[in-house]
Amino acid sequence: MAQNYNVTKIEEKWLDSWEKQQLFQGVTQADVVKADAVKTGKDPLYLLFAFAYPSGSGLHVGHVESKTALDILARYYRMNNRDVFFPVGWDAFGLPAENYAIKTGVPPAETTRAAIDTFRRQIKRIGISYDWKAELATSHPGYYRWTQWLFLELHRQGLAYQGEGVVNWCPSCQTVLANEQVVDGACERCGSEVTQKSMKQWYFKITEYKDELISGLDEVDWPTATKEQQLNWIGRRVGAQVQFSVESAPDAERLACFTTRVDTIFGVTFLAMSPEKWQSSGLMEQVSAQKRDEIEKYLKAAGKKTEEQRKIGEKDKTGIDTGLTAINPVNGQVVPIYVADYILAGYGTGVVMGVPGHDERDHSFARKHQLPIIEVITPAAGAKKNDKSVFTEHGVLQNSGNYTGLSSEEAIGQLLSDFNADIEKTTTYKLRDWLISRQRYWGAPIPIVYDPDGNPHPVKDEHLPWLLPTDVDFKPTGESPLRSSQEFIQRTEKLYGKGWRPEFDTMDTFVDSSWYFLRYLDARNEQVFAQPELLKYWLPVDFYMIGPEHIVLHLLYSRFFAKFLRDQGYLEINEPFSKMRHQGMILGPDGKKMSKSKGNVINPDDVIEKFGADTLRVYEMFMGPIESDKPWDVSAVAGVYRFLNRIYDLVVQVAEGKAVTNPAVKRKLHQTIRKVSSDIPALKFNTAIAAMMECLNDWETSMRADKTGITREEARYFTQILAPFAPFLAEELHELLGGKHSVHTTEWPTWDDSIAAEQSVEIPVQINGKVRGKIKLPAEQASDQAVVIQAARADERIAAWLAEAKIIKEIYVPRKILNIVVKI
RNA sequence: GGCCCGGUGGCGGAAUUGGUAGACGCGUCAGACUUAAAAUCUGAUGAUGGCAACAUUGUGUGGGUUCGAGUCCCACCCGGGCCACCA
C-alpha cells in the first residue's frame with residue numbers, strides 16, 4: 001500500500017545537487033548576457049518580487065506565497081525557452097534593526113546580517129530558483145554608493161534641494177516623516193501622534209514629474225485599483241483661481257482662491273484663510289489693534305492643535321472674523337474674511353471662497369458663525385435629489401445674475417472667459433515634493449558636506465561610498481545619531497578642510513528601495529550603477545509582484561526615478577514595471593490576520609518539517625486565487641500531501657515497467673498539459689493544480705482497474721508540468737523515469753489537440769431553459785443541428801416532456817446546449 | 001462621505017466570460033482492511049419531498065433584459081480595503 005515518500009531525504013538531496021550544479025545562476029554577467037542574447041535569440045523576461053525587509057522573525061507564509069508564484073512563472077518560462085532574470089535582494093536599511101540596537105546595543109549591521117542569513121537559508125529550502133549571483137542588500141556600501149550617486153545626480157539637476165519647512169515629526173521615532181508616512185495624524189510605524197516642527201531638510205522634486213506620473217499609468221498593465229490610488233495620491237484637480245481684492249486694504253495683494261466650482265461663485269458669503277496663509281499674508285497690519293489680540297489668540301490655539309484634534313473639529317468648525325472684507329469680482333458683493341483652521345495650508349492657495357449653500361464644510365462653518373447661506377444651484381430636471389441638506393453636485397444655476405439657468409458646466413466655461421482678469425483656469429495637485437531627510441542611523445548617509453559658512457556641497461565622487469560611520473551612540477536624542485560619530489566629523493575635515501561638517505541625516509529608506517530593480521541588473525559593477533546594454537536588454541520589468549501595502553509610495557517613487565534617469569539618458573523606458581499584480585494576504589486558520597498576539601501564526605518551517613517544501617508550495621498555490629485573501633486550512637495541507645504521495649506512488653509503478661497507454665488517460669493527460677500551460681501565464685495556479693489532480697484521479701483509477709494508464713514517457717510529461725509547482729518531487733520522479741538532465745532544464749511538453757479532443761460529446765437538453773435530459777453523441781455529429789435535435793426527440797425523457805407540448809423554437813449552441821422552447 | 005474589491009454548499013474555492021452551477025480539495029457520514037486505532041482504500045454528500053425513477057428549489061435582496069443569467073442592466077443590503085475638512 002501507498003507509503004509516504006521520504007520527503008526530507010529527497011528534498012535535501014536535490015537542494016544539494018542544484019547548489020552544486022549552480023542551476024539558474026550567473027545570467028547577470030554582462031558578457032554572458034550579451035552573448036546569450038545574440039546567440040540564442042531568446043526573449044528576455046524580467047520577473048521581480050518586491051524585496052523584503054529582513055526582519056528577525058524570518059520567512060512567513062505570505063512570503064512563501066508570492067515567492068512561489070513568481071518561481072512558478074520563472075520555471076515555466078525557462079522551460080518555454082525564455083531568457084529569465086529572477087533576482088533576489090534585501091531592503092536592509094530600516095527602523096526595526098535600529099530600534100533593536102537602541103534596546104540592546106547590538107549594531108544594526110549585525111542583526112541585519114543574521115536576519116538575511118536566516119531568510120536566505122529558508123528561501124533556498126523552499127526551492128525558489130533565484131539567481132543568487134545578483135543578490136544585493138541596500139545596506140551594503142556597494143549598493144548605497146549608488147543610492148548616493150542617484151542623490152547627487154538629482155542634486156546636479158536641481159531636483160534634490162534643501163528647504164526649510166514645517167515637517168511632520170514623530171516624537172517616538174525621533175525623526176521627520178514624509179506626508180505619506182503619517183496616517184491619521186499618527187506615525188505609520190509606531191503609531192505615536194505626529195507633531196509639527198520647522199527644520200531644514202532635503203527634498204526630491206518629484207512634483208516635476210506630476211503630469212507624467214499620471215499619463216504614464218495608461219501605458220502599464222496594473223490593477224485599476226492601484227492606478228486609482230496613484231491618481232488619488234497625485235490628486236490632480238482642474239478648477240479655477242478667483243482673485244478677491246481686499247476691500248479694506250485696496251493696496252494689499254489680492255487673495256487668490258482655488259475652487260473646482262466657480263459656478264457657485266454667486267453663493268459666496270465669506271472668505272476663509274488657513275492660519276498659515278494668514279501669517280504669511282501680512283494682512284495682520286490691516287487689522288485693528290483690538291482684533292489683533294483676538295486673532296493672535298486664535299492662531300496660537302490652532303497651532304497647538306494636533307492633527308487628531310483638527311479631525312474632531314470636522315464637526316466643530318472654529319474660526320475668527322478678521323474684520324477685513326473682500327470683494328467678489330463677479331458681482332461686487334462684499335464678504336467678510338475669516339481665519340479658520342479647517343482650511344488646509346498645503347492645498348490650493350490656502351484661501352477658500354466660502355459657499356455654504358453648496359459645500360458641506362462651508363455650510364457648517366456658516367451656520368456656526370451665523371453667515372448667510374445662499375442657494376445658487378438646483379438639481380437639473382430629472383436628476384435625483386439626495387436628501388442631504390446641502391446640494392453639492394452639478395446642476396442648474398439660480399440667483400446668479402446673467403448666468404441663471406445655465407448648467408454648471410456651461411457656467412464654468414462662461415465665467416472663465418467673461419472674467420479672464422479675475423478668474424483663471426488652474427490645476428492643483430495634492431502631491432508634494434518628497435522629503436527624504438531622516439534623523440536616523442540605519443540608512444544611507446546623505447552625501448553632502450557643509451563648508452564653514454554652512455553652505456552645502458556634494459561629496460566628491462571619489463569619496464563614494466560615503467560610508468556610514470560605526471562609532472555612534474544609538475540612543476535617541478532628537479538629533480541625528482551620526483552627530484555622535486567622531487570618525488565621521490574627522491573624515492570630513494580631513495577630506496574637505498577644517499571647519500567642514502558632514503550632513504548628519506540619512507536618507508528615507510524608500511530612496512534605497514525605489515531603484516533596486518535597476519541595480520539587480522549589474523549588482524557587482526563598481527563603475528556604473530548598471531551597464532547601458534544590460535538596462536536596455538532587460539528593462540522594463542515584465543512582471544512585478546508586490547504586496548498591496550506598497551501601492552502608493554514605492555511605486556510612485558520608483559516611477560519618478562525611472563523617469564528621471566531616462567531624462568538623464570541612462571534608461572530608454574518611460575515606465576519601469578509593465579505588468580504588476582498584488583498577492584493577497586494569507587490569514588490565520590481563524591480567518592483573521594496572522595499575528596503573534598492572536599496566536600494564529602503558521603510557521604512555514606513547521607510545515608516543511610512535517611510535509612516538505614513541495615507540499616507547502618503546492619498548498620499555498622492551491623488555496624485560491626493569488627490576489628485574494630484566504631485563510632489557512634490545516635487539514636487541507638494534508639490533502640495536498642496526499643496528492644503528492646499518490647503521484648509518487650503511481651510514478652514508481654510506471655518506472656517499474658509494464659505501463660500501457662490507456663487512451664482515455666492519455667487524452668486526459670494532453671488536456672491537462674493544455675490546461676496547465678494556459679493557467680500558469682494567467683496566474684491561475686489553483687485551477688492548474690486542480691487539473692493535475694483530476695488527471696491523477698483518472699490515471700489512478702485506470703491503474704487500479706486494469707494496470708493501464710500512461711507510459712514512462714507520458715509520465716515524464718506529467719513530471720514536467722508538475723515541476724514548477726513541486727520542483728523537488730518532480731526532479732526525483734523525472735530521474736526515476738530515466739530523465740537524463742534536470743527536469744527544470746527540459747523543454748515544456750506540448751500537447752496534441754487531436755489527442756486531447758473528446759470522442760463523444762454530452763449535450764444537455766433544456767425545455768424552456770430547464771435541463772430535462774442529456775444526449776450523448778459522437779463528437780463529429782455534434783455540430784449538426786438536425787442530428788442533435790433528432791437525437792433529443794428520440795430520448796425517452798425528452799419525448800415525454802414534449803408529448804403534450806407545442807414546439808415553438810429550437811436553439812442549438814453547437815457542442816454546448818440545446819434549448820427547446822415549448823408552449824404547454 | 002468618496003473610490004475600489006467582494007458576497008456561490010458545513011469550509012477554501014470552480015464555472016469555457018451569456019449556455020449542464022458547485023470542478024478540485026477539505027470536512028462529514030457509511031463501508032472495507034485492522035484485536036483496536038492511525039494510515040490507506042471504496043461510496044455518498046447544496047436544500048426539501050420520495051424506497052426509487054424523479055420533482056421542486058437554489059449563486060446577498062428586489063426588479064429587468066434574454067430561448068437561457070452566478071455572469072449583463074437598474075435599485076438596494078451586507079462584508080473587506082484604501083483615501084478622506086483636498087474647496
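Below, chains carry the letters A, B, ... as their sequence lines are ordered, and counting in each starts from 1. The structure presented is a predicted model; accordingly, all values stated were derived computationally and were not measured.
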Roughly how far apart, to the nearest Å, are B/G25 and B/G46 at atom P? 15 Å
With sequence neighbours left out, write down each residue that passes ring pair (Phe, Tyr, Trp, His ring centres under 6.0 Å) with A/Tyr429, or none if nothing qualifies. none
Is there a side-chain polar atom (N or O) of A/Lys809 under 4.0 Å from OP1 or OP2 of B/C67? yes
Taking C-beta and beyond as the side chain, do A/Phe643 and A/Thr615 meet within less than 4.5 Å on heavy atoms? no
Report yes or no: do A/Tyr298 and A/Thr318 form a side-chain donor-acceptor pair below 3.5 Å? yes
Donor-acceptor pair, A/Asp629 side chain versus A/Leu587 backbone, under 3.5 Å? no
Could you tell me which non-hydrogen atom of A/Ile602 sits nearest to which non-hydrogen atom of A/Pro589, and how far apart they are? CD1-CG, 4.0 Å
With sequence neighbours left out, write down each residue that passes side-chain contact (heavy atoms from CB on, under 4.5 Å) with A/Lys707, or none if nothing qualifies. A/Gln653
Using a cut-off of 4.0 Å on non-hydrogen atoms, how would the nucleic acid contact of A/Asn819 be classed: base, sugar-phosphate, or nothing? base
Mind checking if A/Lys430 touches a base, just sugar-phosphate, or nothing, with heavy atoms under 4.0 Å? base
Please work out if A/Ala636 contacts a base, only the sugar-phosphate, or nothing of the nucleic acid, heavy-atom cut-off 4.0 Å. sugar-phosphate
Looking for any heavy atom pair under 4.0 Å, which part of the strands does A/Lys227 touch: base, sugar-phosphate only, or nothing? nothing
Any A/Leu555 side-chain heavy atom under 4.5 Å of A/Trp222 side chain: yes
So which nucleotide from B/A87, B/C24, B/C26 ends up closest to the side chain of A/Met693? B/C24
For A/Pro223, answer base if it contacts any base atom (sugar-phosphate contacts may also be present), sugar-phosphate if it contacts only those atoms, and nothing otherwise; contact means non-hydrogen atoms under 4.0 Å. nothing
Atom pair distance, as rounded to whole Å: CD1 in A/Ile763 and P in B/U20: 13 Å
Below the 4.0 Å mark, does B/A14 have OP1 or OP2 next to a side-chain nitrogen or oxygen of A/Asn686? yes
B/G18 C1' sits how many Å from A/Ile811 CD1, rounded? 12 Å
List every contact pair, protein side and nucleotides 42-45 of chain B side both N or O, where the distance is under 3.5 Å.
| residue | atom | partner | partner atom | Å |
| --- | --- | --- | --- | --- |
| B/U42 | OP1 | A/Arg704 | NH1 | 3.3 |

Candidates B/C4, B/G19, B/A15 - which lies nearest the side chain of A/Thr687: B/A15
With the side chain counted from C-beta on, respond yes when A/Gln230 and A/Leu556 share a heavy-atom pair under 4.5 Å apart, and no when they do not. yes
Can you identify which nucleotide, out of B/A23, B/C3, B/C83, has its nearest atom closest to the A/Ala690 side chain? B/A23
Check this one for me: any side-chain N or O of A/Arg642 less than 4.0 Å away from OP1 or OP2 of B/C26? yes
In this structure, how many angstroms lie between the P atom of B/C85 and the CD1 atom of A/Ile343, rounded? 12 Å
Salt bridge (charged side-chain N to carboxylate O under 4.0 Å, His left out) between A/Arg772 and A/Asp795, intermediate numbers included: CA-CA 10 Å; A/Arg772 296 301 182 190; A/Asp795 183 85; over 6 Å; no
Under 4.0 Å between any heavy atoms, over every strand shown, what does A/Gly639 touch: base, sugar-phosphate, or nothing? Just pick one. sugar-phosphate
When you compare B/G64 with B/U48, how far apart are their P atoms, in angstrom units rounded to a whole number? 29 Å
Residue pair A/Asn697/A/Gln766 against RNA chain B: nearer the 5' end by closest nucleotide is A/Gln766
Consider only side-chain N and O atoms of A/Tyr648 and A/Asn6, and report whether a donor and an acceptor are under 3.5 Å apart. no
Ring centres under 6.0 Å, that's the criterion: do A/Tyr619 and A/Trp632 meet it? yes
Starting the side chain at C-beta, find the nucleotide from B/A15, B/G19, B/C67 nearest to A/Lys816. B/G19
Rounded distance in Å - CD1 (A/Ile817) to C1' (B/U71): 14 Å
Whole-Å distance separating the NZ atom of A/Lys774 from the C1' atom of B/C54: 14 Å
Residues A/Arg581, A/Glu627; criterion salt bridge (charged side-chain N to carboxylate O under 4.0 Å, His left out); working and verdict: CA-CA 7 Å; A/Arg581 292 294 181 268; A/Glu627 68 276 10; over 6 Å; no
Hey, are A/Asp753 and A/Arg674 close enough for a salt bridge, meaning a charged N less than 4.0 Å from a carboxylate O? yes
Quick check: A/Phe365 with A/Tyr338 (ring centres under 6.0 Å apart)? yes
Pairwise 5' ranking along RNA chain B for A/Pro625 and A/Ala691, keeping only the more 5' one: A/Pro625
Anything below 3.5 Å on both distances counts as a pair; with that, list the stems of at least three consecutive Watson-Crick or G-U pairs involving RNA chain B. B:1-7 with B:77-83, B:10-12 with B:24-26, B:27-32 with B:40-45, B:46-49 with B:54-57, B:60-64 with B:72-76
Separation of atom CZ in A/Arg646 from atom P in B/A39, rounded to whole Å: 16 Å
Collect all protein-nucleotide pairs involving nucleotides 56-60 of chain B in which both atoms are nitrogen or oxygen and the distance is under 3.5 Å.
| residue | atom | partner | partner atom | Å |
| --- | --- | --- | --- | --- |
| B/U56 | OP1 | A/Arg772 | NH2 | 3.3 |
| B/U56 | OP2 | A/Arg772 | NH1 | 2.9 |
| B/U57 | OP2 | A/Lys770 | NZ | 3.1 |

I'd like a list of close polar pairs between nucleotides 5-12 of chain B and the protein, N/O only, cut-off under 3.5 Å.
| residue | atom | partner | partner atom | Å |
| --- | --- | --- | --- | --- |
| B/G12 | O2' | A/Met623 | O | 2.8 |

Does the pair A/Arg236/A/Asp211 count as a salt bridge with the N-to-O cut at 4.0 Å? yes
Carboxylate-amine/guanidinium proximity below 4.0 Å for A/Lys630 and A/Glu620: no
Considering every strand and a 4.0 Å limit on heavy-atom distances, what is the contact class for A/Glu694: base, sugar-phosphate, or nothing? sugar-phosphate
Taken to the nearest whole Å, NZ/A/Lys317 to C1'/B/A87 is 12 Å
Rounded off to whole Å, could you give me the CZ-to-P distance for the A/Phe391 and B/G1 pair? 17 Å
Touch check for A/Glu810, heavy atoms < 4.0 angstrom, all strands: base, sugar-phosphate only, or nothing? nothing
What does A/Val813 touch in the nucleic acid at a heavy-atom separation under 4.0 angstrom: a base, only the sugar-phosphate, or nothing? base
